[in-house]
Engineer: 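If you scroll down you'll find the structure; I have some questions about it.
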Amino acid sequence: MAGPAGLREPASVARLLTTNQLRRRTLFMAETQLIELLAEALQACRACGDLPECEVEIRLEQPPRPDMGDFSCNIAMQMAKPAGKAPREVAQAIIERLQEQGGLLQRCEIAGPGFINLFLSPTWLQDSVRDVLLLGDSYGHSNAGAGTKVQVEFVSANPVGPLHIGNARGGPFGDSLARLLMAVGYDVEREYLLNDGADNTQFRLFGASVLARAREILGLEWEIPENGYRGEYIIDYARELIERHGEDTFAQMPVDDAGAYRVAMLAEEVVVAEIRETLGLLGIEFENWFSERALFEEGAIERKIEQLRERGVAYQHDGALWLRTTDFGDEEDRVLVRSTGAKTYIMTDLAYVENKLARGFDHCIYVWGPDHAAQVPSVKAGMAAAGVDPGATEFIIHQIVRLTEGGEVVKMSKRAGKIVTLRQLIEDVGADVTRFFLLSRSVDAHLDFDLDLARRESDENPVYYVQYAHARICSILREAHERGMATDDLQEADFSLLEHPDELRLMRWMADYPSEVLAAAQQRAPHRLAHLSRDLAATFHQFYGNCRVIDEEAPELSRARLALISAARQVLRNILSLLGVSAPETM
RNA sequence: GCGCCCGUAGCUCAGUGGAUAGAGCAGCGGCCUUCUAAGCCGCUGGUCGCCCGUUCGAAUCGGGCCGGGCGCGCCA
């Protein structure tokens, strides 16, 4: 794929690079090497008795400001007490024995209460820009996951209506988490669980509601059941189904549980198509859509019940079958099979997790809404009771989303069917804004989705700020191309010309990117990507304000800067791609 | 009552045990004959809910309060 300015995509070159080559110049590797250097210096101090043998952990961190260096180390403060010396004195002893190594470290200094601040050499940073260009789309990726098979199950909203803002958050979150995990070397599959079993109360209530509406349309006696679905959209489903399957199908459908379930299954096709389409608008696609029904049909549920009985963890009481979860840390025992014979969610969860593990997943991540938070302990206890290692599963609970407009919370009522659908939201503010906003907060935090801000197509909207940086770079590359400057083979530019503080900052930022991706993946924190993207955009915009890229008087510097912004564009693209937000070439 | 999440600038929120706690939005003031002003620069704005502890060092870890949200079915 050719870039807008005829840039050659160096993907083929990237494939030739080995993992070691990739690692050599990431900041993470620099960090590892610096830690070794410090350890050697510390050893030297101990050898001549300047410092005592004591517990210290050599860790590097990022100083708050760039003029404080690229890394800082706190060992002097850790050792001050056992050494009986002032921290700065300890620091002095260490840096005196720090052996300068080829090209990595430029200088170091003591700062503040006793920090050792380390400055990377510009040469090292300049080389890292070349890696970005050579590795392209895979820059920032790593192999931390080592091919471990991970399943991310998310959304899994009951197939009883359109997705709404309440269950919208799991979509972008789960999808970006999956993308992140893939980027750091996991073998990931996304899955949507359809709660469409015959025993599923909600699913059957939904069927009964649709049937009632169909009968209404046909002029027959009708009644929406207690706790049924009263939203307008139920009428739409009824109409659609009558068109598809004919009036007779519904006129003759028995008004009972069996009829309700049959209608629910017919409606499911429509609902799932709608859900799939809506998520598709956000760039979310699932490798698997798993029907809970399959667990019943294929006998997994019955086998599980049998197994639990044999293990002696299930018992009959009050006409129901209970699981002895209290033996595994739960507050009370849980019902597996109701006295009506219907299976509960925990029953299907247990059969389902076994199915997942049987499919070869080493790790199963569940992304659940806050309404399911309370069931996590019982499900985990249930797994333990069933002999499934709960360590193979991970539950991530996201908090609620509220829409705000004009400073007020938009009120919604699910019972009355007064909801804002995800589709409406996307049509209102756009897919990119929807994804970015939903991803911009920590999953633990409640999220207020500011509709007024989201609608604004201006500088106030953070999505456009990031996309604008990308478009701006594309524009410069286009301009350079039009002026006849070479915009290919930029990895061969003379990077040593890039010495301006804003250039160094940008380079450093990009060199740090791979470890940020890894951290975001490990912390299951896609929202960090949103912040990173803004931060990179800001770093670029600042550079843009202070450094002119196209300068026909200085062709070599121009070329180096074109290489630099081309790299910045690549990293912006890579972050946006993890976020699932588009990177427009013009705005 | 019990459990989970949150409490950081006027508002919405970041913040891997470190230095002068940061962004966005809102407010005030500058910067376009030069590569996209959807931008940049500067200013204003804080008892990090409160108390005690751990630590050389706490917004961050532990305990206890206070406040808000959500959940606590033989619904999912």
Side-chain angles (χ1 to χ4, degrees), chain A residues 59 61-65 68 72 74 76-82 87 111-115 117 156-158 160 195 200-203 205 227 317-322 331-332 334-346 348-349 369-377 397-400 402 404 407 440-450 452-453 456-469 471-480 482-483 519 522-523 525 527-528 530-531 534-535 537-538 540-542 544-546 548-551 558 561-562 565 586-587:
Chain A
R59 277 187 46 219
E61 34 196 88
Q62 268 184 53
R65 287 203 318 270
M68 293 168 166
S72 70
N74 65 1
M77 278 121 87
Q78 286 184 57
M79 295 189 73
K81 204 175 190 180
F115 287 103
N117 287 349
S156 299
N158 287 340
V160 297
N195 291 103
N200 189 302
T201 314
Q202 294 303 320
F203 190 57
L205 268 174
N227 298 322
H317 176 69
D318 281 351
L321 184 71
W322 295 71
E331 285 178 345
E332 47 189 290
R334 306 289 165 177
V335 169
L336 292 170
V337 184
R338 300 196 278 269
S339 48
T340 58
K343 319 297 185 289
T344 62
Y345 74 81
I346 193 167
T348 43
D349 275 343
D371 49 338
H372 295 266
Q375 59 183 263
V376 173
I397 306 295
H398 66 76
Q399 296 301 314
I400 58 167
R402 298 184 306 183
T404 63
S440 61
R441 304 292 177 230
S442 158
V443 75
D444 286 335
H446 300 184
L447 190 154
D448 280 347
F449 193 112
D450 185 341
D452 303 307
L453 180 60
R456 259 174 266 168
E457 294 192 13
S458 70
D459 54 325
E460 296 154 41
N461 193 323
V463 188
Y464 299 124
Y465 179 84
V466 177
Q467 292 183 320
Y468 180 64
R472 210 174 204 186
I473 294 172
C474 291
S475 170
I476 299 169
L477 288 166
R478 269 194 307 270
E479 177 69 20
E482 275 164 29
R483 293 198 200 180
Q522 285 170 338
Q523 294 173 26
H527 75 277
R528 292 179 70 111
H531 290 272
R534 237 217 82 89
D535 200 44
F540 165 74
H541 284 311
Q542 193 186 359
Y544 177 89
N546 294 327
R548 186 159 173 95
V549 177
I550 298 175
D551 180 356
S558 290
R561 285 183 170 168
L562 286 171
I565 65 167
T586 57
M587 284 182 77

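Values below: every heavy atom of this structure, side chains too, minus hydrogens, waters and symmetry copies. Below, chain A is the first sequence line, B the second, and so on; all start at residue 1. Given the structure is predicted, the values throughout are model-derived calculations rather than measurements.
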Engineer: Considering every strand and a 4.0 Å limit on heavy-atom distances, what is the contact class for A/T404: base, sugar-phosphate, or nothing?
Structural biologist: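 No contact at all - A/T404 keeps every heavy atom at 4.0 Å or more from the nucleic acid.
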Engineer: Is the shortest side-chain N/O distance from A/R472 to OP1 or OP2 of B/A38 below 4.0 Å?
Structural biologist: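 The answer is no; no side-chain N or O of A/R472 sits under 4.0 Å from OP1 or OP2.
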Engineer: Say you pick atom P in B/C70 and the same atom in B/U60; how far apart are they, in whole Å?
Structural biologist: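 Between the two P atoms, the distance is 26 Å.
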Engineer: Name the nucleic acid region contacted by A/D450, choosing base, sugar-phosphate or nothing; use a 4.0 angstrom heavy-atom cut-off, strictly under.
Structural biologist: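 Nothing: the residue A/D450, judged by heavy atoms under 4.0 Å, touches no strand.
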Engineer: Starting the side chain at C-beta, find the nucleotide from B/G18, B/G24, B/U12 nearest to A/M77.
Structural biologist: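 So the side chain of A/M77 is nearest to B/G18.
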Engineer: With sugar-phosphate meaning primed atoms plus P, OP1 and OP2, does A/D371 contact a base, only sugar-phosphate, or nothing at under 4.0 Å between heavy atoms?
Structural biologist: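 Base contact.
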Engineer: Base, sugar-phosphate, or nothing: which does A/P63 touch, judged by heavy atoms less than 4.0 Å apart?
Structural biologist: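 Base contact - A/P63 has a heavy atom under 4.0 Å of at least one base atom.
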Engineer: In terms of ring plane angle, is the pair A/H527 and A/H531 parallel, tilted or perpendicular, where the classes change at 30° and 60°?
Structural biologist: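 The arrangement is perpendicular - the two ring planes meet at more than 60°.
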Engineer: Tell me whether A/N200 contacts the main-chain N or O of A/Q202 through its side chain, where contact means a donor paired with an acceptor under 3.5 Å.
Structural biologist: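 Yes, because the side chain of A/N200 sits within donor-acceptor range (under 3.5 Å) of the backbone of A/Q202.
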Engineer: Whole angstrom is fine here: how far is it from CD1 in A/I473 over to P in B/A38?
Structural biologist: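 Interatomic distance, CD1 of A/I473 to P of B/A38: 16 Å.
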Engineer: Considering only B/C13, B/C2, B/A19, which nucleotide approaches the side chain of A/F115 most closely?
Structural biologist: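 Closest of the options to the side chain of A/F115: B/A19.
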Engineer: Determine the Euclidean distance between corresponding P atoms of B/A21 and B/G10; express it in Å to zero decimal places.
Structural biologist: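 The answer is 16 Å between these two P atoms.
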Engineer: Does the side chain of A/Y544 get closer than 4.0 angstrom to OP1 or OP2 of B/A37 through an N or O atom?
Structural biologist: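 So the side-chain polar atoms of A/Y544 do come within 4.0 Å of the phosphate oxygens OP1 or OP2 of B/A37, strictly under.
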Engineer: Once you apply a heavy-atom cut-off of 4.0 Å, does A/A471 come out as touching a base, just sugar-phosphate, or nothing?
Structural biologist: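 Base: the residue A/A471, judged by heavy atoms under 4.0 Å, touches a nucleobase.
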Engineer: Suppose you measure atom C1' in B/G39 against the same atom in B/G3; what distance do you get, rounded to whole Å?
Structural biologist: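 So the two C1' atoms sit 48 Å from each other.
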Engineer: Can you tell me which nucleotide in B/G15, B/C25, B/G69 comes closest to the side chain of A/R456?
Structural biologist: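 Nearest listed nucleotide: B/C25.
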Engineer: Distance check, P atoms only: B/U12 and B/C72, in whole angstrom units.
Structural biologist: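 26 Å, rounded to whole Å.
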Engineer: On RNA chain B, compare the nucleotides closest to A/V443 and A/I346; which residue's is nearer the 5' end?
Structural biologist: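 On the 5' side of the pair lies A/V443.
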Engineer: Report the nucleotide, chosen from B/C2, B/U16, B/A14, that has the shortest atom-to-atom distance to any side-chain atom of A/S442.
Structural biologist: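 Shortest atom-to-atom distance from the side chain points to B/A14.
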Engineer: From C-beta outward on A/I400, which listed nucleotide comes closest to its side chain: B/C70, B/G18, B/A19?
Structural biologist: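 Nearest to the side chain of A/I400 among the choices is B/C70.
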Engineer: Counting the atoms with a prime plus P, OP1 and OP2 as sugar-phosphate, which does A/E61 contact under 4.0 Å by heavy atoms, base, sugar-phosphate, or nothing?
Structural biologist: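 Base contact.
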Engineer: Tell me if the side-chain of A/S440 makes a donor-acceptor pair with the base of B/A14, cut-off 3.5 Å, by modelled atom types.
Structural biologist: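 Side chain to base: no pair below 3.5 Å.
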Engineer: A/T344 near the nucleic acid: base, sugar-phosphate alone, or nothing, with a heavy-atom cut-off under 4.0 Å?
Structural biologist: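 Counting heavy atoms under 4.0 Å across all strands, the contact made by A/T344 is with sugar-phosphate only.
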Engineer: In whole angstrom, give me the gap between the C1' atoms of B/G24 and B/A38.
Structural biologist: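 Approximately 14 Å lies between the C1' atom of B/G24 and that of B/A38.
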Engineer: A/L447 has an atom CG; how far is it from atom P of B/C25, in whole Å?
Structural biologist: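 Interatomic distance, CG of A/L447 to P of B/C25: 17 Å.
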Engineer: Of all the heavy-atom pairs spanning A/W322 and A/H317, show the shortest one and how long it is.
Structural biologist: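 Minimum heavy-atom separation between A/W322 and A/H317: NE1-O, 3.0 Å.
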Engineer: Give the minimum heavy-atom separation between A/P113 and A/M77, together with the two atoms involved.
Structural biologist: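 Closest approach of A/P113 to A/M77, heavy atoms only: CG-CE, 3.9 Å.
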Engineer: Roughly how many Å apart are B/G1 and B/C61, using the C1' atom of each and rounding to a whole number?
Structural biologist: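 So the two C1' atoms sit 28 Å from each other.
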Engineer: To check you understand the geometry: which heavy-atom pair defines the closest contact between A/N74 and A/Q78, and what is its length?
Structural biologist: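 Heavy atoms only, the tightest pair is OD1-NE2, 2.9 Å.
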Engineer: Have A/H541 and A/R472 got a donor and an acceptor in their side chains that come within less than 3.5 Å?
Structural biologist: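 Indeed, the side chains of A/H541 and A/R472 share at least one donor-acceptor pair under 3.5 Å.
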Engineer: Quick one: which of B/G68, B/C35, B/C40 gets closest to the side chain of A/H446?
Structural biologist: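 That would be B/G68.
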Engineer: Any donor-acceptor pair under 3.5 Å linking the side chain of A/N461 with the backbone of A/R456?
Structural biologist: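 Such a contact is found between A/N461 side chain and A/R456 backbone.
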Engineer: Please give the distance between the P atoms of B/C52 and B/U44 as a whole number of Å.
Structural biologist: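 B/C52 and B/U44 have their P atoms separated by 32 Å.
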Engineer: Which part of the nucleic acid does A/D349 contact within heavy-atom distance under 4.0 Å: base, sugar-phosphate only, or nothing?
Structural biologist: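 No contact.
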Engineer: Could you check whether any side-chain N or O of A/K343 sits under 3.5 Å from a backbone N or O of A/G341, counting only pairs where one atom can act as donor and the other as acceptor?
Structural biologist: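 Answer holds: yes.
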Engineer: When all nucleic acid strands are considered with a 4.0 Å heavy-atom cut-off, which category describes A/Q202: base, sugar-phosphate, or nothing?
Structural biologist: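 Base contact.
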Engineer: Over all strands shown, is A/Q523 touching base, sugar-phosphate only, or nothing at heavy-atom distances under 4.0 angstrom?
Structural biologist: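 No contact.
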Engineer: The side chain of A/Y465 lies closest to which of these nucleotides: B/C72, B/G39, B/A19?
Structural biologist: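 The answer is B/G39, which lies nearest to the side chain.
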Engineer: Considering just the side-chain nitrogens and oxygens of A/H372, establish if one lies under 4.0 Å of OP1 or OP2 belonging to B/C4.
Structural biologist: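 No, A/H372 has no side-chain N/O under 4.0 Å of OP1/OP2 on B/C4.
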Engineer: Measure from CG on A/L321 to C1' on B/G73 and round the result to the nearest Å.
Structural biologist: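 Atom-to-atom, A/L321 to B/G73, this comes out as 17 Å.
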Engineer: Go ahead and write out RNA chain B as dot-bracket, 5' to 3': ( ) for pairs within the strand, [ ] for ones crossing earlier pairs, | when the partner sits on another strand, dots for unpaired; Watson-Crick or G-U wobble, both distances under 3.5 Å.
Structural biologist: (((((((..((((....[...)))).(((((.......))))).....(((((..]....))))))))))))....
Engineer: Would you indicate what A/F203 reaches in the nucleic acid, counting non-hydrogen atoms under 4.0 angstrom: base, sugar-phosphate, or nothing?
Structural biologist: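 Nothing, no heavy atom under 4.0 Å.
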Engineer: Let's see if you can work this out: which of B/C35, B/C74, B/A76 has an atom nearest to the side-chain heavy atoms of A/I476?
Structural biologist: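 Taking heavy atoms from C-beta onward, the closest nucleotide is B/C35.
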Engineer: Base, sugar-phosphate alone, or nothing: which one does A/N200 contact when heavy atoms must sit under 4.0 Å apart?
Structural biologist: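 Sugar-phosphate only.
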Engineer: In whole angstrom, give me the gap between the P atoms of B/C11 and B/U16.
Structural biologist: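 Their P atoms lie roughly 23 Å apart.
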Engineer: Hey, does the side chain of A/T344 reach the backbone of A/L336 with a donor-acceptor pair shorter than 3.5 angstrom?
Structural biologist: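 A pair under 3.5 Å: yes.
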Engineer: Between A/R548 (side chain only) and A/I550 (backbone N and O only), is there a donor and an acceptor less than 3.5 Å apart?
Structural biologist: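 Answer holds: yes.
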Engineer: Can a side chain N or O of A/R338 be found less than 4.0 Å away from OP1 or OP2 on B/C75?
Structural biologist: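 Yes, such a contact exists.
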Engineer: On RNA chain B, does the nearest nucleotide to A/A373 precede the nearest nucleotide to A/T201 from the 5' side, or the other way round? Give the residue.
Structural biologist: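 The 5'-side residue here is A/A373.
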Engineer: Any carboxylate oxygen within less than 4.0 angstrom of a Lys/Arg side-chain nitrogen, looking at A/E479 and A/R483?
Structural biologist: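 Answer for the salt bridge query: yes.
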